[in-house]
Every structure is written in structure tokens, then in C-alpha cells.
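Take a look at the structure below.
Quick note: residue numbers are just sequence positions, from 1. In listed order, ligands and their atoms are each counted from 1.
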Amino acid sequence: MRVLSIASECAPLVKTGGLADVAGALPAALRAEGIEMRTLLPGYPAVMAALEPGAVQVMAEDTLFGGAARVLAGRAGGLDLFVIDAPHLYMREGSIYLGADGNDWSDNPQRFAALSLLAARIGAEGVTLDGHGWQPDLLHCHDWQAGFVPDYLAQMGGRCATVLTIHNIAFQGLTGHHMIEQLGLPRSRFHAEGFEYYGQLSALKAGLMRADRLTTVSPTYAAELMRPEFGMGLDGVMRARRRDLSGILNGIDESAWNPASDPHIAETYRHPSGKTANRDALRAELGLPRASGPLCCVVSRLTEQKGLDLLLDALPALLERGGQLALLGSGDRGLEDAFREAAREDGVAVRIGYDEALSHRLIAGADAILVPSRFEPCGLTQLYGLRYGTIPLVALTGGLADTVINASPAALDRGVATGLQFHPVSADPLAVALGRLCDLYAEADVWAQMQANAMSQPVGWASSARAYAALYRDATAAA
Ligand SMILES: Nc1ncnc2c1ncn2[C@@H]1O[C@H](COP(=O)(O)OP(=O)(O)O[C@H]2O[C@H](CO)[C@@H](O)[C@H](O)[C@H]2O)[C@@H](O)[C@H]1O
């Protein structure tokens, strides 16, 4: 089976968050299931620069939202790609989504409609590669940036199946309805059963209404999405499509995130005792003294979603017990400033920015990783934590609920706990959980057992790749 995956970011080439990790990992994970996946990506500067020599043109458009465009087939970052070479849309410095003023690029609707349109064209017509036809059986769309794929495909009379995965329903690709004609969409679909959303146009809703199957990245988040507290206005749509919705947990790239071979960390290890050297090195790097309590880390985008304002409130509960915090993140200016301020306290180190190598050193060196998210479709950093014997303390929500076994008395008795969960997601329960983390850390045997459990929990792609493959087969059989 051939699948075209359509994503606005893809590791290791271009990444702002977890979507890139998943888009980057799926092709290799699915190869083991007999699925040939190629990924369609915008030709941002980093992607064009990484394209290996020998890329060939497989499609061309004289004009695509204000300029010429072509699709190149080639390899980069270990991936088989189709890349949209359209300099007027993608060849600009800075963030892939935001201009220098911190606001969305004003032509984001066109930039990602172009991605969706060319995906649909590949789905409808196929392309010629190395003298052979390459026709996908299924288009796997990720988030709102690929939301219009099923509509464009229907307009072209294309017949291949479509799956839309929600990585984060908070981003819905909204734009004024005056854009409908400009984007080449049919006004006849501008209604509640189509892509209309409270008088605006929503790329995400377009896909949610029209893709053959919908997925999200954990079973619990799939259930949560149908509730008003989590659906962000689209819970009714999710309820209407519940029969076509499934939750498939993300895995992690087990070769990039492997404490036994990680090139970024001070000392590789196979056993939790190997963390000591990494913790010492991390403390030295961050200027933190030795301490009696656990060294906790956070690696995160700094946004409302991630609940890190709650951590600022609950932090004294950790510091009073001799614990420490090391945070790496960037995003919301207010949160960045608040954490810079918090770093004036003893036992708190903060690095504002994006740093892949430091994220590995933090996860290898810390005793625990904190993920106090208000909502979390899956979450990847708690999975990295498990693999590295770094105990996750997480909010009981979304994929965090599905991947961590809370250290309840029963779980401790049975020797199966891998971390801690707190609920409801507010500062006081988080403070209580931090106290509990310190208690468990002080019981060396219990802590060692949890670390061993964590490190042996499967966090790779094997079972989820099987689930995607089954879903693809189902969707193509029905299409
Ligand atoms: N400052 C920094 N420096 C270095 N690395 C950093 C960093 N900030 C974040 N990262 C990295 O970016 C990734 C973030 O992925 P997450 O899944 O935790 O959240 P995100 O909300 O971006 O993803 C959304 O999509 C993913 C994928 O489906 C879901 O798991 C998730 O729940 C959903 O919100 C991780 O690989 C993390 O290590």
C-alpha cells in the first residue's frame, strides 16, 4: 500500500513541536508493516537546503496562490519526500508559522491551502517517479494545515481514501469567509455541515467533516475531544463522527532517544545507576548545587496548554523539600519572563530557547520530568522520561493518562508504578504531587523499582504502527 503523509513540519528537517516528531517517525514505523509512505512538505529554506542531489520535478503549476510552483521528489533527512518548491510561499527566514512580529504570516491560509491542494492533486492524478506511476492509495493528513485535502480531492474527482490526524485541536486554521474563492474552495460547502465555523472558514473542520477516518494521538484524548471542555468548539463535530474516530498512541524514535547510545549525553547507560554521572554533569552545566531532593526537568513549549503557570505556583512545594527544577522552553513571553524570574531562586535553572541537545541532557540527567498540561493529546516528553528512567509526574489527562502508571498504593504494592499523576489540573494538587514525588524519591528501593519499570515500558512505534496499518487497510477497503 502507498500512503502520502501531508505535514507542515517533519523531523529532523523542520520542527516546532511534537507533530514533526510523529510525521518524521511514521514512514520508518510503517515500512515494517509493508506500507510505502512518502511525505509531502513545504519547501522551507531548511528543507530545500537538506534535499539531496538528484531530486526530480514530478509536478508543476504555472501559478499557485501568486507564483509558480513545482513538486520535487527526493530524499532528505533519511526520508522519501515530495517537496513543494514555491519560493513566494515558503522561502522566507524565521519561524515557519510566524513573522518577526510574532503574528501568523498573513498568507498562512494560502501557504497551507497550497500544501493541501498539491496533496490532493497527487492523490487524484498520481505522479511519475523513475519512469513508473506513483499513485497513493491513501492520503494521511496532519492537523489543520492539511485540512482542506479531502475537499480539494473531492473537487478533482479523486478516489483515494483520506485520514485526518488531530495532534492539537487548539489550532483550527480559521480565516475570513471572503477567502473561499481565493482558496479555490466551493462556496456550496460553506455551511455547518461543511467548513463553516461560526461565520468563518475552518481548515480543521473541513477535514474533520470530510476525511474518511479521523484519528488522534491517544485513546483518552479521543474520548475527551467529544466533551465541551476539550473539544474547543468542535466537540459536536467529534461526537457526530465518533464511529470514524480512533485514538492511536504516539511512539518515540527509539534510536534518537536511547540512553544506551545517545551522543548528546555525558555518559550513556543501560541501568538507572548510569544516571548519576549525567545528573552531576547536568548540575555542573546549569550551575546547580548538589541537593537532597529530586532534580526535576521540563522540556516544553511555553503555552497555556502546558500548565507551567501552575508549576510556578506549586514550585515552593518542591524547593522546600530540597528538590530542584531545570526548565528548557520557549514561547509565551509572559511565561518566559516568569521563569527567568523564578531562576533567581536557589535550585532553579532556566534556559529559554530551543535546544535539541540540551533536551537530551536534561532528560538523561534529571530524576523526574514534569508535564502538568491542562490538555495533552499524547505528549512525547513523558515517553522520553520513561525510556531514560526519569520518572514522569504528569497531569491526569489525554495521552498522559494512557502512558503513565500512577504510583497509587495498589500499583506500588504490585510493583508496576512508572510515575505520578495528579488531578484536577490545578496548582494545589500539583503541589501535593510534588511532595509525594519527594517522598518516593526518599525511598530508594521504591524509586529504583519505578525506574526499572519505566525503562522497560514499551514506548516505541511497533503496536501503533500496526494500528495505523489496520486503519489504512480498513479505510481503503471502504473508499
Ligand atoms: N525548548 C525546546 N528545546 C528542545 N526541544 C523541545 C523544546 N520544546 C519542545 N521540545 C520538543 O518538542 C516536542 C514536543 O512534543 P509534545 O508531544 O510534548 O508536544 P506538542 O504540544 O508540541 O505536540 C502536539 O503533538 C504531539 C504529536 O502528536 C502530541 O504528542 C502532543 O500532545 C500535542 O500537543 C518534543 O520532542 C520535545 O522534546
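Protein heavy atom at the shortest distance from atom 14 (C) of ligand 1 is Gly18 N, 3.5 Å. Nearest to atom 8 (N) of ligand 1 among the protein's heavy atoms is Ser300 C, 3.4 Å. Of the protein's heavy atoms, Asp355 N, 3.1 Å lies nearest to atom 3 (N) of ligand 1. Of all protein heavy atoms, the one lying nearest to atom 30 (O) of ligand 1 is Gly379 N, 2.8 Å. Of the protein's heavy atoms, Tyr354 CD1, 3.4 Å lies nearest to atom 2 (C) of ligand 1. Ranking protein heavy atoms by distance to atom 12 (O) of ligand 1, first place goes to Lys15 CE, 3.4 Å. In terms of protein heavy-atom proximity, atom 21 (O) of ligand 1 is nearest to Arg301 NH2, 2.6 Å. In this structure, atom 18 (O) of ligand 1 lies nearest to the protein heavy atom Leu380 N, 3.5 Å.
Side-chain atoms of Arg111 come within 3.5 Å of backbone N or O of Leu89 as a donor-acceptor pair. Ser95 contributes a side-chain N or O that, together with a main-chain N or O of Tyr97, makes up a donor-acceptor pair within less than 3.5 Å. Although no hydrogens or angles enter the test, the distance criterion places a donor-acceptor pair under 3.5 Å between the side chain of Arg387 and the main chain of Trp257.
Tyr90 and Phe112 have tilted rings, their planes meeting at an angle from 30° to 60° on a 0 to 90° scale.
Ion pair Arg31/Asp80 not flagged as a salt bridge, since none of the NZ, NE, NH1 or NH2 atoms sits closer than 4.0 Å to an Asp/Glu carboxylate oxygen. Taking 4.0 Å as the cut-off between side-chain N and carboxylate O, Lys275 and Asp367 do not count as a salt-bridged pair.
Residue contact check: Asn168 has heavy atoms under 4.0 Å from atoms 34 (O) of ligand 1. Near Glu376, meaning under 4.0 Å from one of its heavy atoms, ligand 1 places the atoms 31 (C), 32 (O), 33 (C), 34 (O). Which parts of ligand 1 touch His167 is read off a 4.0 Å heavy-atom cut-off, strictly below it: atoms 24 (C), 25 (O), 27 (C), 28 (O), 33 (C), 34 (O). The Thr381 neighbourhood of ligand 1 comprises atoms 37 (C), 38 (O), with distances under 4.0 Å to a heavy atom of that residue. Close approach of ligand 1 to Asp21 is summarised as follows: ligand atoms under 4.0 Å from at least one heavy atom of the residue are 13 (C), 35 (C), 36 (O). Every atom of ligand 1 is numbered from 1 in the order shown, and the set under 4.0 Å from a heavy atom of Gly329 is 1 (N). Listed by number with element, the atoms of ligand 1 under 4.0 angstrom from any heavy atom of Val22 are 27 (C), 28 (O).
Using a 4.0 Å heavy-atom cutoff, Tyr384 is listed among the residues neighbouring ligand 1. For the ligand labelled ligand 1, residue Arg351 lies outside the 4.0 Å heavy-atom shell. Residue contact check for ligand 1: Gln305 places a non-hydrogen atom closer than 4.0 Å to it. Not a single heavy atom of Gly399 sits less than 4.0 Å from an atom of ligand 1. At a 4.0 Å cut-off, at least one heavy atom of Gly353 sits close enough to ligand 1 to count as contact.
In Asp337, the CG atom is crowded: over 12 heavy atoms of neighbouring residues, nucleotides or ligands sit closer than 6.0 Å.
Note: no N/O pair closer than 3.5 Å links Val299 and ligand 1 by distance alone.
Counting only N and O atoms by type, the side chains of Asn278 and Tyr388 include no donor and acceptor under 3.5 Å apart. Judged purely by distance below 3.5 Å, without hydrogens or angles, the side chains of Tyr198 and Glu196 never pair a donor atom with an acceptor atom.
Between Leu139 and the options Leu164, Asp212, Leu4, a side chain to side chain contact (heavy atoms under 4.5 Å, CB included) holds for only Leu4. Checked options Leu41, Thr16, Val22; the residue passing with Glu9 is Thr16 (criterion: side chain to side chain contact (heavy atoms under 4.5 Å, CB included)).
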For Thr165 and Tyr468: C-alpha separation, side-chain torsions, deciding distance, then whether side chain to side chain contact (heavy atoms under 4.5 Å, CB included) applies.
CA-CA 11 Å; Thr165 294; Tyr468 275 115; 4.3 Å; yes
Go through Met455 and Tyr269 one step at a time and tell me if the side chain to side chain contact (heavy atoms under 4.5 Å, CB included) criterion holds.
CA-CA 11 Å; Met455 289 181 81; Tyr269 60 96; 4.0 Å; yes
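Taking the six-membered ring for Trp, Phe171 and Trp144 have ring centres at least 6.0 Å apart.
Here Asn250 has side-chain heavy atoms under 4.0 Å from ligand 1, and that is the only part of it that gets that close. Only the side chain of Lys306 comes within contact range of ligand 1, with a heavy atom under 4.0 Å; no backbone atom does.
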